[in-house]
Each structure stands twice: as C-alpha cells, then as structure tokens.
Amino acid sequence: MADEKYQMLDLPMNEVFDWSEDKTPLRDALWNHYMNTSNKDTLSTLKHMNAFKTMSGDEIKVEAEKVLH
C-alpha cells in the first residue's frame with residue numbers, strides 16, 4: 001500500500017485532480033507550495049512533506065487538494 005500512495009505523489013496534478021491542467025507531479029507541486037508559504041524555509045517544508053508519509057492515498061489527495069486548489 002505504501003507504493004500506491006507514493007505513486008500518487010509522482011502523478012501529474014492533472015491526473016490526480018479533475019480541476020487541474022497542471023502536469024507538475026503532485027509531490028513537486030506540494031513542495032513548491034510549502035516552500036512559497038514558508039518563505040523558502042526548507043525545514044518547515046520538510047515537516048509538511050513528512051506528514052504525507054503517514055497518510056493513505058485518499059488522505060494525501062484530500063490534504064493536497066486543500067492546499068493546492
């Protein structure tokens with residue numbers, strides 16, 4: 001199951017969300033979002049990204065949509 005959720009993070013945004021036309025991988029879009037909102041604080045961004053390690057694929061999608069949509 002871990003492979004499934006990590007595969008989701010590597011999918012282009014437009015394959016994960018029907019509202020997106022962005023071809024950026026979900027993982028990169030999340031990274032960019034958190035870097036921008038933390039004023040380029042890598043440790044803060046890593047903290048946010050590490051939270052996705054404990055989530056299921058469905059949870060990743062819900063949480064990602066909250067911050068990216």
Side-chain angles (χ1 to χ4, degrees):
M1 185 178 307
D3 291 337
E4 178 183 318
K5 69 181 176 183
Y6 290 117
Q7 287 174 356
M8 177 182 292
L9 287 170
D10 292 329
L11 290 174
M13 290 270 296
N14 65 343
E15 289 184 26
V16 178
F17 303 111
D18 58 2
W19 49 261
S20 179
E21 295 180 10
D22 192 345
K23 293 182 181 179
T24 303
L26 180 56
R27 178 188 317 272
D28 294 347
L30 287 166
W31 178 268
N32 293 340
H33 167 79
Y34 289 122
M35 283 295 280
N36 288 334
T37 60
S38 70
N39 199 28
K40 308 292 186 233
D41 182 344
T42 304
L43 293 178
S44 175
T45 299
L46 284 172
K47 184 175 157 184
H48 285 289
M49 294 302 292
N50 283 336
F52 287 96
K53 290 180 179 179
T54 63
M55 297 179 193
S56 69
D58 290 339
E59 290 170 325
I60 289 172
K61 186 174 179 178
V62 168
E63 291 304 312
E65 189 164 25
K66 285 179 187 177
V67 299
L68 297 174
H69 192 268

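Positions are given from 1, in the same order as the sequence printed here.
Using cut-offs of 30° and 60° for the angle between ring planes, the H69 and W19 rings count as perpendicular.
Considering only heavy atoms from C-beta on, Y34 comes within 4.5 Å of V67 through its side chain. Under the 4.5 Å side-chain criterion, counting only non-hydrogen atoms from C-beta, R27 is in contact with M49. Side-chain atoms of L9 and L30, non-hydrogen and from C-beta on, do get closer than 4.5 Å to each other. Counting only heavy atoms from C-beta outward, the side chains of I60 and L26 approach each other to under 4.5 Å. Looking only at side-chain heavy atoms (C-beta outward), V16 and L11 come within less than 4.5 Å of each other. At least one side-chain heavy atom of K61 sits less than 4.5 Å from a side-chain heavy atom of M8.
Note: the hydrophobic cluster containing L46 also contains M35 (ILVMFWY, side chain heavy atoms under 4.5 Å, direct or indirect links).
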request  = Go through the steps to decide whether V62 and E59 satisfy the test side chain to side chain contact (heavy atoms under 4.5 Å, CB included), and finish with yes or no.
outcome  = CA-CA 5 Å; V62 168; E59 290 170 325; 5.7 Å; no

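Here the side chain of D28 pairs no donor or acceptor atom with the backbone of T24 at under 3.5 angstrom. Looking only at distances, a side-chain donor or acceptor of T54 sits under 3.5 Å from a matching main-chain atom of A51.
Around the CG atom of N36, the shell of radius 6.0 Å holds more than 12 heavy atoms that belong to other residues, nucleotides or ligands.
Nearest heavy atom pair, residue A64 against residue F52, reads N-CE2, 4.4 Å.
Taking NE2 from H33 and CG from L68, the interatomic distance works out to 6.5 Å, rounded to the nearest 0.5 Å. To the nearest 0.5 Å, atoms CD (E21) and CG (N14) are separated by 8.0 Å. A distance of 11.5 Å separates NE2 of H48 from CD of E63, quoted to the nearest 0.5 Å.
No side-chain donor-acceptor contact under 3.5 Å links D58 and S56.
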